[in-house]
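Note that the coordinates shown come from a computational prediction; the quantities given were computed from them, not determined experimentally.
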Amino acid sequence: MHPGRTTGKGPSTHTQIDQQPPRLLIVHIALPSWGDICANLCEALQNFFSLACSLMGPSRMSLFSLYMVQDQHECILPFVQVKGNFPRLQTCISELRMVQREGCFRSQGASLRLAVEDGLQQFKQYSTHVTTRAALTYTSLEITILTSQPGKEVVKQLEEGLKDTDLARVRRLQVVEVTKGILEHVDSVSPVEDPSNDESSILGTDIDLQTIDNDIVSMEIFFKAWLHNGGTDQEQIHLLLSSQYFSNISRPRDNPMCLKCDLQERLLSPSLLPGTADGSLRMDDPKGDFITLYQMASQSSTSHYELQVIKALKSSGLCESLTYGLPFILRPTSCWQLDWDELETNQQHFHALCHSLLKREWLLLAKGEPLGPGHSHRIPASTFYVIMPSRSLTLLVKAVATRELMLPSTFPLLPEDPRDDSLKNVESMLDSLELEPTYNPLQVQSHLYSHLSNIYAKPQGRLHPHWESRAPRKTGQLQTNRARATVAPLPITPVPGRASKMPAVSKSSSDDFFLPSEWEEDPSGP
């Protein structure tokens, strides 16, 4: 896997971010519902990949492959590196747009199973090939099947079809049902939900089932979850605090309580994107304007990063101008290496902390680990953070300024009463503004997607120069000018009464695929 490039100073953070597995997306096309889904899905995919392919710094996604299932399965994108490959991904999304949206075809029950098996076979062969050229840091595959059919029926179909298939290399198999509804709560204060919430259920052979609404925003949110650091091999943050903050818990005062937490980003830094207003000022530093908890954790001498709570603050006693950098979210850890009793106790203590802080209207001031090793004649610097509670089972963490960072400023007191004429004019202007109870970022568009798409528009050597002039594809029609898959496709079960043959894939053509493509980055590169 391409480890990502970091041109700024400081250690690479790929050990903290590069934990996302290779992903296989299988789009299950069923008529007539495909006509309602196609435009939204393709727009969401294009928006997501314009962002994912553009992020500087360590790569957040490794490999991606795309299959399409109609009356038979078809690989329209073999496994490729995501970073720097937007033109190739855009071409495949354009091919999805061309799929027939009307009519009917005879669906084969084995098509989904064959797509899963073929994708898994390709991943195994790709992994074997890459290990001959570069270190392979991923060993399992995550498969997502996106369908408009009833999700439980698709799950049962897969359980039956894959019962004799070796899924040892599959980290997760997920069925996502696209419902006919639209996003009803787009003006909600917290419209974004974790795809791994309680709405997802695990049925039978560990196949996850989830539903999403048929709109661009919901689909974007689902795909953006792929950018999160999803590693659960170890907890990332240890929050150390004295028992004096828990009035209902009896513990020795000299024995601090340790809450084990996972770290999650709230938003992406604009400095990670090329050509943005903020990023253009920091093109030499892919880590952003300030060192983050991810960088701090990567420099920790232990497997986790420690935050030591040193005092409490009144919520009204913090000036917003003293915080800097991007906020991060702390959640109770889901590390699989902890036993269930420890996970349950840890979550209950985390819950109690959130509840107590909200009730008292307190914040916590915490000291982070030193930035570097100390010496007898050198005292290492530390970073301080303010920890804020919320109504959800999360804590918000922001870096807070120290004496060394402060610049002199004067803040004259606000006069008691402004002049009547000025007050009247200003209040008249304010009354004309539309008042919203909350700020909802989903209702504010900066045209960033189109900006990034234009930066990485199809180059002169694109795969299909006359794509736009092609007629819509008929159902079941195979393309011969597509990028070749890494392995020969699995045999397709013929539809009764109709002969259907797959084009033969010679050994030479299969070998040719492994040559670096025009857009694909070399996994062994820097």
Problem set entry | Step-by-step side-chain contact (heavy atoms from CB on, under 4.5 Å) determination, L405 to Y324 | CA-CA 11 Å; L405 298 177; Y324 63 86; 4.1 Å; yes
Exercise. Is K224 close to F48 at the side-chain level, that is, under 4.5 Å between some pair of heavy atoms?
Worked result: yes
Problem set entry | Residue from N214, D215, D213, T211 passing side chain to side chain donor-acceptor pair (under 3.5 Å) with T179 | D213
Exercise. Are any of the side-chain nitrogens in E177 or K152 under 4.0 Å away from the carboxylate oxygens of its partner?
Worked result: no
For this session: Considering non-hydrogen atoms only, spot the tightest contact between A168 and D166 and give its length.
Result: N-OD1, 3.1 Å
For this session: Please tell me if the side chains of F64 and L77 come closer than 4.5 Å, counting only heavy atoms from C-beta onward.
Result: yes
Exercise. Does a side-chain heavy-atom distance below 4.5 Å link W362 with L313?
Worked result: no
Exercise. Under a 4.5 Å cut-off applied to non-hydrogen side-chain atoms, are L393 and P332 in contact?
Worked result: yes
For this session: Show the numbers, then the answer: is there a side-chain contact (heavy atoms from CB on, under 4.5 Å) between S127 and R169?
Result: CA-CA 11 Å; S127 302; R169 298 288 294 274; 3.5 Å; yes
Exercise. Checking R60 side chain against A52 main chain: does a donor-acceptor pair fall under 3.5 Å?
Worked result: no
For this session: Without swapping roles, check the side chain of N40 against the backbone of M219 for a donor-acceptor pair under 3.5 Å.
Result: no
Problem set entry | Approximate separation, where rounding is to 0.5 Å, of I237 CD1 and F328 CZ | 9.5 Å
Seminar exercise, completed: Closest non-hydrogen contact found for S140 with P22 is O-CD, 3.3 Å
Exercise. If you count the non-hydrogen atoms of other residues, nucleotides and ligands that lie under 6.0 Å from NZ in K367, is the total more than 12?
Worked result: no
For this session: Indicate yes or no: at least one non-hydrogen side-chain atom of M257 is less than 4.5 angstrom from one of L240.
Result: no
Exercise. Are Y449 and E220 linked by a side-chain donor-acceptor pair shorter than 3.5 Å?
Worked result: yes
For this session: Looking only at non-hydrogen atoms, find the nearest pair between S271 and M56 and report the distance.
Result: O-CE, 3.2 Å
Exercise. Closest heavy-atom contact between V175 and G151?
Worked result: CG1-O, 4.2 Å
Seminar exercise, completed: Rounding to 0.5 Å, atoms SG (C354) and NZ (K359) come to a distance of 15.0 Å
Exercise. Nearest heavy-atom pair of H73 and Y67: which atoms, and what distance?
Worked result: CD2-CE2, 4.1 Å
Exercise. How about Y305 and H238: do any of their side-chain heavy atoms sit closer than 4.5 Å?
Worked result: no
Problem set entry | Side-chain donor-acceptor contact under 3.5 Å, E404 with T402 | yes
For this session: Compare all side-chain heavy atoms of L353 with those of L364 and state whether any distance is below 4.5 angstrom.
Result: yes
For this session: Please round to the nearest 0.5 Å and tell me the distance separating atom SG of C261 and atom CD of Q347.
Result: 11.0 Å
For this session: Determine whether the side chains of Q157 and E153 contain a donor N or O and an acceptor N or O closer than 3.5 Å.
Result: no
For this session: Taking atom CD of Q445 as the centre, report whether more than 12 heavy atoms of other residues, nucleotides or ligands fall under 6.0 Å from it.
Result: no
For this session: For residues S65 and C75, report the shortest heavy-atom separation together with the two atoms involved.
Result: OG-SG, 4.4 Å
For this session: Would you please test L448 and L51 for side-chain contact (heavy atoms from CB on, under 4.5 Å) and show each step?
Result: CA-CA 9 Å; L448 177 61; L51 192 67; 4.2 Å; yes
For this session: Answer yes or no: is there a donor N or O on one side and an acceptor on the other, between the side chain of T165 and the main chain of L167, under 3.5 Å?
Result: no
Exercise. Would a distance-only check, ignoring hydrogens and angles, find a side-chain to backbone donor-acceptor pair under 3.5 Å from D118 to L114?
Worked result: no
For this session: Drop me the distance from I216's CD1 to I221's CD1, to the nearest 0.5 angstrom.
Result: 12.0 Å
Problem set entry | Beyond-backbone contact of L396 with I387, side-chain heavy atoms, under 4.5 angstrom | no
Exercise. Listed by chain and number, what are the salt bridge (Lys or Arg N to Asp or Glu O under 4.0 Å) partners of E142, not counting sequence neighbours?
Worked result: R23, R172
Exercise. Does a salt bridge link R113 with E117, judged by any charged N lying under 4.0 Å from a carboxylate O?
Worked result: yes
Seminar exercise, completed: CG (L89) and CG (L45) are apart, to the nearest 0.5 Å, by 9.0 Å
Exercise. For the side chain to side chain donor-acceptor pair (under 3.5 Å) test, which of E342, H349, Q236 pairs with K260?
Worked result: E342
For this session: Working to the nearest 0.5 Å, report the span between CG of L273 and CG of L268.
Result: 7.0 Å
Problem set entry | Stepwise side-chain contact (heavy atoms from CB on, under 4.5 Å) check, L263 with I329 | CA-CA 6 Å; L263 190 65; I329 293 175; over 6 Å; no
